[in-house]
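As C-alpha coordinates, the structure follows; a few thoughts come after it.
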Amino acid sequence: MKYPVVCVESGTSIQRAIQSIERSPFDAAFVLDETGSYLGGVTIMDLRRLLISGGQGKEKIGEYPLKHEFKLTEQSIKNREESGRVVSDMELYGVHFVPVLTPEGKVKDVFSIEDLSRMHGLSTNNAISTKPAGRVLVVGGAGFLGCVLAERLLQRGFSVRILDSFIYGRRAIDSIPGNAGLEVVEGDLRNIHTCVKSLEDIDAVVLLAAIVGDPASKIRPTETIETNVLATQALASACKLHHINRFLYASTCSVYGIGAEELDEQAALNPVSLYARTKIESEKIILGMGDDYFSPTILRMGTLYGYSPRMRFDLVVNTMSMKSFTEGEIQVFGGKQWRPLLGVEDAADVYIRCIEADLREVGNQVFNVGSDIQNYQIDEVAKIIAGTLGDIPISRDDSNLDARDYRVSFDKLTKILQFIPKQRIDTAAREIFDKLNSGAIQNPEQKIYYNHYFDSAEE
Ligand SMILES: NC(=O)c1ccc[n+]([C@@H]2O[C@H](COP(=O)([O-])OP(=O)(O)OC[C@H]3O[C@@H](n4cnc5c(N)ncnc54)[C@H](O)[C@@H]3O)[C@@H](O)[C@H]2O)c1
(Lines give C-alpha, C1' and ligand atoms only; values in the text may rest on other atoms or scores of the structure.)
Protein backbone atom coordinates (compact mmCIF):
# COMPACT_ATOMS: atom_id res chain seq x y z
CA MET A 1 0.00 0.00 0.00
CA LYS A 2 1.19 3.47 -0.87
CA TYR A 3 0.30 4.96 2.53
CA PRO A 4 0.64 3.09 5.83
CA VAL A 5 -2.85 4.14 6.99
CA VAL A 6 -4.08 2.82 10.30
CA CYS A 7 -6.29 -0.25 10.07
CA VAL A 8 -8.09 -1.42 13.21
CA GLU A 9 -10.25 -4.47 13.74
CA SER A 10 -13.88 -3.95 14.66
CA GLY A 11 -13.16 -5.60 18.03
CA THR A 12 -10.63 -2.88 18.97
CA SER A 13 -11.69 -0.59 21.81
CA ILE A 14 -12.30 3.07 21.04
CA GLN A 15 -9.45 4.15 23.31
CA ARG A 16 -7.00 1.80 21.55
CA ALA A 17 -8.15 3.10 18.17
CA ILE A 18 -7.60 6.70 19.31
CA GLN A 19 -4.13 5.75 20.50
CA SER A 20 -3.24 4.03 17.20
CA ILE A 21 -4.40 7.01 15.15
CA GLU A 22 -2.55 9.40 17.43
CA ARG A 23 0.69 7.51 16.95
CA SER A 24 0.37 7.65 13.18
CA PRO A 25 0.76 10.51 10.73
CA PHE A 26 -2.96 10.19 9.91
CA ASP A 27 -6.12 11.49 11.53
CA ALA A 28 -8.39 8.58 10.66
CA ALA A 29 -8.45 4.78 10.57
CA PHE A 30 -10.00 2.11 8.38
CA VAL A 31 -12.09 -0.37 10.33
CA LEU A 32 -11.93 -4.00 9.18
CA ASP A 33 -13.96 -7.03 10.22
CA GLU A 34 -12.31 -10.15 11.62
CA THR A 35 -11.72 -11.48 8.09
CA GLY A 36 -9.95 -8.26 7.08
CA SER A 37 -12.80 -6.87 4.97
CA TYR A 38 -13.34 -3.11 4.98
CA LEU A 39 -16.29 -1.88 7.04
CA GLY A 40 -15.78 1.90 6.95
CA GLY A 41 -13.61 4.73 8.23
CA VAL A 42 -13.51 6.83 11.39
CA THR A 43 -11.66 10.03 12.18
CA ILE A 44 -10.12 10.70 15.57
CA MET A 45 -12.69 13.47 16.06
CA ASP A 46 -15.56 11.02 15.45
CA LEU A 47 -14.16 8.83 18.22
CA ARG A 48 -13.67 11.71 20.66
CA ARG A 49 -17.22 12.88 20.02
CA LEU A 50 -18.43 9.42 21.02
CA LEU A 51 -16.61 9.81 24.31
CA ILE A 52 -17.91 13.33 24.90
CA SER A 53 -21.44 12.02 24.45
CA GLY A 54 -21.00 9.47 27.21
CA GLY A 55 -18.89 6.65 25.79
CA GLN A 56 -16.36 5.01 28.12
CA GLY A 57 -13.67 4.17 25.63
CA LYS A 58 -13.71 0.45 26.32
CA GLU A 59 -16.51 -0.24 23.82
CA LYS A 60 -15.62 -1.99 20.60
CA ILE A 61 -15.33 0.30 17.65
CA GLY A 62 -17.46 -2.03 15.52
CA GLU A 63 -20.41 -1.55 17.89
CA TYR A 64 -20.90 1.98 16.58
CA PRO A 65 -22.31 2.85 13.19
CA LEU A 66 -19.24 3.84 11.21
CA LYS A 67 -19.15 7.41 10.09
CA HIS A 68 -17.59 7.17 6.65
CA GLU A 69 -18.06 4.52 4.06
CA PHE A 70 -16.07 6.10 1.28
CA LYS A 71 -14.50 3.44 -0.86
CA LEU A 72 -13.47 2.80 -4.43
CA THR A 73 -12.97 -0.43 -6.29
CA GLU A 74 -10.37 -1.29 -8.88
CA GLN A 75 -13.08 -0.54 -11.45
CA SER A 76 -14.64 2.61 -10.01
CA ILE A 77 -11.32 4.34 -9.45
CA LYS A 78 -10.92 4.52 -13.22
CA ASN A 79 -14.21 6.37 -13.51
CA ARG A 80 -13.76 10.16 -13.34
CA GLU A 81 -17.33 10.88 -12.26
CA GLU A 82 -17.31 8.28 -9.49
CA SER A 83 -13.88 9.42 -8.22
CA GLY A 84 -15.01 13.05 -8.33
CA ARG A 85 -18.05 12.25 -6.20
CA VAL A 86 -15.90 10.46 -3.62
CA VAL A 87 -13.40 13.36 -3.55
CA SER A 88 -16.10 15.93 -2.85
CA ASP A 89 -17.60 13.76 -0.08
CA MET A 90 -14.15 13.28 1.44
CA GLU A 91 -13.55 17.02 1.41
CA LEU A 92 -16.88 17.63 3.03
CA TYR A 93 -16.10 15.28 5.91
CA GLY A 94 -12.41 16.16 6.22
CA VAL A 95 -11.26 12.65 5.28
CA HIS A 96 -8.03 12.44 3.29
CA PHE A 97 -7.60 8.85 2.23
CA VAL A 98 -9.89 6.33 0.58
CA PRO A 99 -9.34 2.58 0.26
CA VAL A 100 -9.45 0.78 -3.04
CA LEU A 101 -11.12 -2.59 -2.45
CA THR A 102 -10.81 -5.96 -4.13
CA PRO A 103 -14.06 -7.65 -5.23
CA GLU A 104 -13.90 -9.50 -1.86
CA GLY A 105 -13.91 -6.20 0.02
CA LYS A 106 -10.25 -6.31 1.15
CA VAL A 107 -8.14 -3.13 1.13
CA LYS A 108 -5.82 -3.42 -1.84
CA ASP A 109 -4.51 0.12 -2.02
CA VAL A 110 -5.02 3.60 -0.59
CA PHE A 111 -5.44 6.83 -2.53
CA SER A 112 -5.29 10.36 -1.24
CA ILE A 113 -7.46 13.22 -2.43
CA GLU A 114 -4.45 14.59 -4.34
CA ASP A 115 -3.82 11.26 -6.07
CA LEU A 116 -7.40 11.10 -7.32
CA SER A 117 -7.40 14.76 -8.33
CA ARG A 118 -4.17 14.37 -10.28
CA MET A 119 -5.40 11.19 -11.93
CA HIS A 120 -8.64 12.73 -13.17
CA GLY A 121 -7.71 16.43 -13.34
CA LEU A 122 -10.20 17.32 -10.58
CA SER A 123 -10.07 20.60 -8.70
CA THR A 124 -9.92 20.26 -4.92
CA ASN A 125 -10.02 22.38 -1.84
CA ASN A 126 -6.31 22.39 -0.99
CA ALA A 127 -7.00 23.57 2.55
CA ILE A 128 -7.76 20.03 3.64
CA SER A 129 -5.63 18.11 1.22
CA THR A 130 -3.04 17.17 3.81
CA LYS A 131 -3.45 15.98 7.37
CA PRO A 132 -4.62 18.97 9.38
CA ALA A 133 -2.12 20.01 12.00
CA GLY A 134 -4.92 19.80 14.53
CA ARG A 135 -6.95 21.98 16.83
CA VAL A 136 -5.28 23.26 19.97
CA LEU A 137 -7.00 24.74 23.00
CA VAL A 138 -4.81 27.39 24.64
CA VAL A 139 -6.18 28.18 28.08
CA GLY A 140 -4.76 31.54 29.10
CA GLY A 141 -4.12 32.40 25.44
CA ALA A 142 -4.46 36.13 26.05
CA GLY A 143 -1.52 36.17 28.46
CA PHE A 144 2.14 37.11 28.00
CA LEU A 145 3.12 33.69 26.61
CA GLY A 146 -0.34 32.65 25.39
CA CYS A 147 -0.81 35.33 22.74
CA VAL A 148 2.65 34.69 21.27
CA LEU A 149 2.03 30.94 21.23
CA ALA A 150 -1.45 31.29 19.70
CA GLU A 151 -0.14 33.39 16.84
CA ARG A 152 2.70 30.97 16.12
CA LEU A 153 0.38 27.96 16.20
CA LEU A 154 -1.86 29.67 13.64
CA GLN A 155 1.13 30.47 11.44
CA ARG A 156 2.04 26.80 11.56
CA GLY A 157 -1.37 25.72 10.33
CA PHE A 158 -3.03 24.72 13.59
CA SER A 159 -6.54 25.83 14.46
CA VAL A 160 -6.56 27.54 17.83
CA ARG A 161 -9.27 28.03 20.41
CA ILE A 162 -8.36 30.45 23.19
CA LEU A 163 -10.14 30.26 26.53
CA ASP A 164 -9.33 33.23 28.74
CA SER A 165 -11.08 35.38 31.30
CA PHE A 166 -9.09 38.43 30.13
CA ILE A 167 -7.82 39.53 33.52
CA TYR A 168 -5.43 41.83 31.66
CA GLY A 169 -7.83 42.64 28.83
CA ARG A 170 -8.01 41.15 25.35
CA ARG A 171 -5.95 43.63 23.36
CA ALA A 172 -3.23 41.05 22.79
CA ILE A 173 -5.70 38.74 21.10
CA ASP A 174 -7.18 41.49 19.00
CA SER A 175 -3.70 42.20 17.64
CA ILE A 176 -3.46 38.69 16.13
CA PRO A 177 -3.95 39.17 12.38
CA GLY A 178 -7.42 38.11 11.15
CA ASN A 179 -7.43 34.35 10.89
CA ALA A 180 -10.23 31.91 10.22
CA GLY A 181 -8.43 29.31 12.34
CA LEU A 182 -8.78 31.34 15.54
CA GLU A 183 -11.72 31.04 17.92
CA VAL A 184 -11.82 33.08 21.12
CA VAL A 185 -13.95 32.08 24.10
CA GLU A 186 -14.23 34.45 27.02
CA GLY A 187 -14.71 32.39 30.16
CA ASP A 188 -13.31 31.31 33.47
CA LEU A 189 -11.41 28.06 33.77
CA ARG A 190 -12.94 27.65 37.21
CA ASN A 191 -16.37 27.15 35.61
CA ILE A 192 -16.66 23.40 34.90
CA HIS A 193 -19.25 23.83 32.18
CA THR A 194 -17.12 26.36 30.31
CA CYS A 195 -14.09 24.17 30.75
CA VAL A 196 -15.75 21.01 29.34
CA LYS A 197 -17.43 22.89 26.49
CA SER A 198 -14.12 24.37 25.41
CA LEU A 199 -12.75 20.85 24.83
CA GLU A 200 -15.14 20.01 21.99
CA ASP A 201 -13.23 18.86 18.87
CA ILE A 202 -9.84 19.58 20.43
CA ASP A 203 -6.70 17.50 19.73
CA ALA A 204 -4.32 19.04 22.25
CA VAL A 205 -4.58 21.29 25.30
CA VAL A 206 -2.06 23.83 26.54
CA LEU A 207 -2.80 25.05 30.04
CA LEU A 208 -1.20 28.43 30.73
CA ALA A 209 -3.98 30.13 32.70
CA ALA A 210 -3.00 30.70 36.29
CA ILE A 211 -2.46 33.38 38.86
CA VAL A 212 1.15 33.90 37.84
CA GLY A 213 4.08 34.97 39.96
CA ASP A 214 4.91 34.99 43.67
CA PRO A 215 3.55 38.51 44.42
CA ALA A 216 0.23 37.98 42.59
CA SER A 217 -0.49 34.69 44.34
CA LYS A 218 0.45 36.15 47.71
CA ILE A 219 -2.14 38.89 47.25
CA ARG A 220 -4.83 36.51 45.94
CA PRO A 221 -4.33 33.16 47.72
CA THR A 222 -7.90 31.93 47.24
CA GLU A 223 -7.96 32.56 43.48
CA THR A 224 -4.50 31.05 43.26
CA ILE A 225 -5.62 27.77 44.82
CA GLU A 226 -8.85 27.73 42.82
CA THR A 227 -7.15 28.37 39.49
CA ASN A 228 -3.68 26.90 39.83
CA VAL A 229 -4.78 23.69 41.55
CA LEU A 230 -8.51 22.94 41.60
CA ALA A 231 -9.51 24.19 38.14
CA THR A 232 -6.28 22.81 36.71
CA GLN A 233 -7.15 19.40 38.10
CA ALA A 234 -10.69 19.60 36.70
CA LEU A 235 -9.43 20.46 33.22
CA ALA A 236 -6.90 17.62 33.25
CA SER A 237 -9.63 15.17 34.40
CA ALA A 238 -11.95 16.37 31.64
CA CYS A 239 -9.19 15.84 29.07
CA LYS A 240 -8.55 12.35 30.36
CA LEU A 241 -12.27 11.50 30.18
CA HIS A 242 -12.40 12.77 26.61
CA HIS A 243 -9.17 11.09 25.55
CA ILE A 244 -7.42 14.28 24.73
CA ASN A 245 -4.07 12.70 25.39
CA ARG A 246 -1.81 15.61 24.61
CA PHE A 247 -1.89 17.95 27.59
CA LEU A 248 0.87 20.50 28.11
CA TYR A 249 1.03 22.04 31.54
CA ALA A 250 2.92 25.29 32.13
CA SER A 251 4.98 24.87 35.27
CA THR A 252 7.96 26.85 36.40
CA CYS A 253 11.58 26.45 37.50
CA SER A 254 10.43 28.33 40.62
CA VAL A 255 9.49 24.88 41.95
CA TYR A 256 13.23 24.45 42.71
CA GLY A 257 13.19 27.51 44.97
CA ILE A 258 16.70 27.43 46.34
CA GLY A 259 19.29 24.93 45.21
CA ALA A 260 23.07 24.89 45.31
CA GLU A 261 23.70 22.35 42.54
CA GLU A 262 22.68 22.46 38.89
CA LEU A 263 19.15 21.10 39.08
CA ASP A 264 17.77 18.51 36.69
CA GLU A 265 14.20 17.20 36.58
CA GLN A 266 14.94 14.70 39.40
CA ALA A 267 16.27 17.34 41.81
CA ALA A 268 14.51 18.00 45.11
CA LEU A 269 11.83 20.68 44.98
CA ASN A 270 12.13 23.50 47.43
CA PRO A 271 9.31 26.01 46.88
CA VAL A 272 9.51 29.38 48.57
CA SER A 273 6.06 30.72 47.63
CA LEU A 274 2.41 29.74 47.38
CA TYR A 275 2.71 30.14 43.60
CA ALA A 276 5.44 27.48 43.39
CA ARG A 277 3.62 25.20 45.84
CA THR A 278 0.45 25.28 43.72
CA LYS A 279 2.49 24.45 40.60
CA ILE A 280 4.07 21.46 42.38
CA GLU A 281 0.69 20.26 43.60
CA SER A 282 -0.74 20.41 40.07
CA GLU A 283 2.29 18.70 38.54
CA LYS A 284 1.75 15.77 40.94
CA ILE A 285 -1.98 15.56 40.29
CA ILE A 286 -1.58 15.73 36.52
CA LEU A 287 1.28 13.24 36.33
CA GLY A 288 -0.68 10.93 38.64
CA MET A 289 -3.47 10.79 36.04
CA GLY A 290 -1.09 9.78 33.27
CA ASP A 291 -1.45 6.44 31.54
CA ASP A 292 -1.35 5.08 27.99
CA TYR A 293 -4.33 7.22 27.05
CA PHE A 294 -3.55 10.46 28.82
CA SER A 295 0.04 11.55 28.40
CA PRO A 296 0.66 14.95 29.97
CA THR A 297 3.85 16.91 29.56
CA ILE A 298 5.00 19.20 32.35
CA LEU A 299 7.07 22.15 31.16
CA ARG A 300 9.04 23.84 33.93
CA MET A 301 9.99 27.10 32.28
CA GLY A 302 12.69 29.51 33.31
CA THR A 303 11.78 33.17 33.84
CA LEU A 304 10.46 34.52 30.55
CA TYR A 305 11.59 37.71 28.86
CA GLY A 306 11.00 39.65 25.69
CA TYR A 307 8.29 41.60 23.97
CA SER A 308 4.75 40.23 23.84
CA PRO A 309 1.54 41.97 22.76
CA ARG A 310 0.42 41.30 26.40
CA MET A 311 3.42 42.99 27.87
CA ARG A 312 4.67 42.26 31.38
CA PHE A 313 7.12 44.58 33.09
CA ASP A 314 7.34 42.45 36.23
CA LEU A 315 9.85 39.98 34.73
CA VAL A 316 13.50 40.68 35.41
CA VAL A 317 14.82 41.42 31.90
CA ASN A 318 11.71 43.38 30.98
CA THR A 319 11.81 45.36 34.23
CA MET A 320 15.48 46.28 33.79
CA SER A 321 14.92 47.32 30.17
CA MET A 322 11.93 49.43 31.14
CA LYS A 323 13.72 51.06 34.12
CA SER A 324 16.64 51.91 31.86
CA PHE A 325 14.19 53.90 29.79
CA THR A 326 12.00 55.47 32.49
CA GLU A 327 14.61 56.10 35.21
CA GLY A 328 17.90 55.86 33.34
CA GLU A 329 19.01 53.39 36.00
CA ILE A 330 18.81 49.67 36.74
CA GLN A 331 18.13 48.64 40.30
CA VAL A 332 19.47 45.27 41.44
CA PHE A 333 18.12 43.48 44.51
CA GLY A 334 20.90 41.24 45.79
CA GLY A 335 22.42 40.15 42.51
CA LYS A 336 24.11 36.88 43.29
CA GLN A 337 20.94 34.78 42.77
CA TRP A 338 20.94 32.42 39.82
CA ARG A 339 17.98 32.52 37.48
CA PRO A 340 17.43 30.60 34.22
CA LEU A 341 16.00 32.91 31.56
CA LEU A 342 14.00 32.03 28.46
CA GLY A 343 12.74 34.20 25.59
CA VAL A 344 8.96 34.18 25.21
CA GLU A 345 9.17 33.21 21.53
CA ASP A 346 11.59 30.40 22.34
CA ALA A 347 9.13 29.18 24.97
CA ALA A 348 6.36 29.14 22.34
CA ASP A 349 8.70 27.18 20.08
CA VAL A 350 9.13 24.49 22.76
CA TYR A 351 5.35 24.12 23.15
CA ILE A 352 4.99 23.65 19.40
CA ARG A 353 7.79 21.08 19.36
CA CYS A 354 5.96 19.18 22.11
CA ILE A 355 2.66 19.30 20.24
CA GLU A 356 4.33 17.97 17.11
CA ALA A 357 6.52 15.36 18.83
CA ASP A 358 5.71 11.68 19.14
CA LEU A 359 3.74 11.40 22.39
CA ARG A 360 5.95 8.51 23.47
CA GLU A 361 8.91 10.92 23.50
CA VAL A 362 7.27 13.70 25.49
CA GLY A 363 4.23 12.24 27.25
CA ASN A 364 4.06 11.49 31.00
CA GLN A 365 7.23 13.47 31.59
CA VAL A 366 8.69 16.61 33.08
CA PHE A 367 11.03 18.91 31.14
CA ASN A 368 13.01 21.85 32.37
CA VAL A 369 12.53 24.46 29.66
CA GLY A 370 15.36 26.86 28.95
CA SER A 371 19.00 26.52 27.99
CA ASP A 372 22.19 26.01 29.98
CA ILE A 373 23.74 29.12 28.42
CA GLN A 374 20.94 31.31 29.74
CA ASN A 375 21.44 30.45 33.42
CA TYR A 376 22.42 33.88 34.73
CA GLN A 377 23.17 35.59 37.99
CA ILE A 378 21.05 38.73 38.33
CA ASP A 379 24.19 40.92 38.45
CA GLU A 380 25.24 39.58 35.09
CA VAL A 381 21.79 40.26 33.59
CA ALA A 382 21.98 43.87 34.80
CA LYS A 383 25.48 44.31 33.34
CA ILE A 384 24.47 42.91 29.93
CA ILE A 385 21.38 45.11 29.71
CA ALA A 386 23.16 48.22 31.01
CA GLY A 387 25.97 47.68 28.47
CA THR A 388 23.56 47.06 25.59
CA LEU A 389 21.47 50.13 26.30
CA GLY A 390 24.46 52.47 26.70
CA ASP A 391 26.20 52.35 30.06
CA ILE A 392 23.10 52.65 32.21
CA PRO A 393 24.11 53.04 35.88
CA ILE A 394 23.32 50.11 38.18
CA SER A 395 22.24 50.72 41.78
CA ARG A 396 21.94 48.09 44.54
CA ASP A 397 19.38 47.39 47.18
CA ASP A 398 19.85 44.43 49.49
CA SER A 399 16.80 45.12 51.64
CA ASN A 400 14.15 43.45 49.49
CA LEU A 401 15.64 40.18 48.31
CA ASP A 402 13.84 37.58 46.23
CA ALA A 403 14.70 34.31 47.99
CA ARG A 404 14.73 32.26 44.77
CA ASP A 405 18.16 31.09 43.68
CA TYR A 406 18.48 28.16 41.30
CA ARG A 407 20.65 27.03 38.41
CA VAL A 408 18.98 24.52 36.17
CA SER A 409 20.10 21.79 33.78
CA PHE A 410 18.33 21.69 30.42
CA ASP A 411 20.09 18.60 29.05
CA LYS A 412 16.90 16.58 28.69
CA LEU A 413 15.14 19.22 26.59
CA THR A 414 18.19 19.66 24.35
CA LYS A 415 18.54 15.92 23.88
CA ILE A 416 14.91 15.00 23.25
CA LEU A 417 13.58 18.08 21.47
CA GLN A 418 16.88 19.44 20.07
CA PHE A 419 15.91 22.85 21.38
CA ILE A 420 18.42 25.67 20.88
CA PRO A 421 17.32 29.17 21.94
CA LYS A 422 17.16 31.89 19.31
CA GLN A 423 16.41 34.84 21.57
CA ARG A 424 19.04 36.66 23.65
CA ILE A 425 18.60 39.02 26.54
CA ASP A 426 20.61 41.85 24.96
CA THR A 427 18.55 41.95 21.77
CA ALA A 428 15.30 41.52 23.71
CA ALA A 429 16.27 44.44 26.00
CA ARG A 430 17.04 46.58 22.95
CA GLU A 431 13.67 45.73 21.36
CA ILE A 432 11.75 46.63 24.52
CA PHE A 433 13.71 49.86 24.97
CA ASP A 434 13.05 50.82 21.34
CA LYS A 435 9.33 50.12 21.67
CA LEU A 436 9.20 52.41 24.71
CA ASN A 437 11.31 55.03 23.00
CA SER A 438 9.17 55.04 19.86
CA GLY A 439 5.92 55.22 21.85
CA ALA A 440 4.78 51.79 20.60
CA ILE A 441 4.39 50.96 24.30
CA GLN A 442 3.09 53.91 26.28
CA ASN A 443 3.03 54.52 29.99
CA PRO A 444 4.79 51.34 31.20
CA GLU A 445 3.77 52.12 34.79
CA GLN A 446 0.16 51.13 34.02
CA LYS A 447 -1.08 48.44 36.39
CA ILE A 448 -2.06 46.17 33.55
CA TYR A 449 1.61 45.34 32.94
CA TYR A 450 2.07 43.98 36.47
CA ASN A 451 0.40 40.75 37.58
CA HIS A 452 0.34 41.66 41.26
CA TYR A 453 -1.95 44.62 40.51
CA PHE A 454 -4.30 42.44 38.53
CA ASP A 455 -7.36 43.06 40.68
CA SER A 456 -7.19 46.72 39.78
CA ALA A 457 -5.77 46.49 36.29
CA GLU A 458 -6.67 49.48 34.23
CA GLU A 459 -6.42 50.04 30.51
N1 LIG B 1 6.10 34.46 32.65
C2 LIG B 1 7.02 33.68 33.17
O3 LIG B 1 8.17 34.08 33.44
C4 LIG B 1 6.72 32.24 33.48
C5 LIG B 1 7.75 31.40 33.89
C6 LIG B 1 7.48 30.08 34.20
C7 LIG B 1 6.19 29.61 34.06
N8 LIG B 1 5.20 30.42 33.67
C9 LIG B 1 3.84 29.88 33.54
O10 LIG B 1 3.39 30.11 32.22
C11 LIG B 1 2.01 30.39 32.22
C12 LIG B 1 1.74 31.67 31.44
O13 LIG B 1 2.41 32.75 32.08
P14 LIG B 1 2.25 34.24 31.55
O15 LIG B 1 3.46 34.98 31.92
O16 LIG B 1 1.79 34.22 30.14
O17 LIG B 1 1.06 34.74 32.49
P18 LIG B 1 -0.04 35.85 32.26
O19 LIG B 1 -0.46 36.25 33.63
O20 LIG B 1 0.42 36.88 31.32
O21 LIG B 1 -1.22 35.05 31.55
C22 LIG B 1 -2.15 34.26 32.23
C23 LIG B 1 -3.44 34.30 31.43
O24 LIG B 1 -4.36 33.41 32.07
C25 LIG B 1 -5.62 34.04 32.15
N26 LIG B 1 -6.34 33.49 33.30
C27 LIG B 1 -5.97 33.53 34.62
N28 LIG B 1 -6.90 32.92 35.37
C29 LIG B 1 -7.85 32.46 34.52
C30 LIG B 1 -9.06 31.73 34.69
N31 LIG B 1 -9.47 31.37 35.92
N32 LIG B 1 -9.80 31.43 33.61
C33 LIG B 1 -9.39 31.80 32.37
N34 LIG B 1 -8.25 32.50 32.14
C35 LIG B 1 -7.50 32.83 33.20
C36 LIG B 1 -5.30 35.53 32.31
O37 LIG B 1 -6.40 36.34 31.92
C38 LIG B 1 -4.09 35.69 31.41
O39 LIG B 1 -4.47 36.03 30.12
C40 LIG B 1 1.57 30.42 33.66
O41 LIG B 1 0.96 29.18 33.99
C42 LIG B 1 2.86 30.59 34.43
O43 LIG B 1 2.79 30.01 35.71
C44 LIG B 1 5.43 31.72 33.36
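As the structure lists them, so they are numbered: ligands from 1, and atoms in each ligand from 1. Just so you know, these numbers use all the heavy atoms, side chains as well, and skip hydrogens, waters and symmetry mates.
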Legend entry - Under 4.0 Å from ligand 1, counting heavy atoms only: the protein residues, by chain and number: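 Contacting ligand 1 under 4.0 Å are G140, A142, G143, F144, L145, D164, S165, F166, I167, Y168, G187, D188, L189, R190, L208, A209, A210, V212, T227, A250, S251, T252, Y275, K279, M301, G302, T303, L304, R310, R312, L315, N451.
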Inset, instruction - Check L274 against S217 and note the closest heavy-atom contact, atom names and distance. - result: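 Heavy atoms of L274 and S217 come nearest at CD2-O, 3.6 Å.
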Inset, instruction - Establish, for the pair R312 and Y450, whether the NZ or CZ atom is under 6.0 angstrom from the six-membered ring centre and no further than 45 degrees off its axis. - result: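 Because its charged atom misses either the 6.0 Å distance or the 45° angle limit, R312 does not stack over Y450.
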Inset, instruction - Sort out for me which residue in Y249, Y351, F247 forms a side-chain contact (heavy atoms from CB on, under 4.5 Å) with V206. - result: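 It is Y351, the one option of Y249, Y351, F247 that forms the side-chain contact (heavy atoms from CB on, under 4.5 Å) with V206.
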Legend entry - R300: salt bridge (charged side-chain N to carboxylate O under 4.0 Å, His left out) partners, not counting sequence neighbours: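 For R300, the residues satisfying salt bridge (charged side-chain N to carboxylate O under 4.0 Å, His left out) (neighbours in sequence not counted) are E283.
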Inset, instruction - Just jot down the salt bridge (charged side-chain N to carboxylate O under 4.0 Å, His left out) partners of K383, sequence neighbours excluded, or say none. - result: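 K383 satisfies salt bridge (charged side-chain N to carboxylate O under 4.0 Å, His left out) with no other residue.
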For residues 143-155, which side-chain donor-acceptor pairs fall under 3.5 Å, sequence neighbours excluded?
none

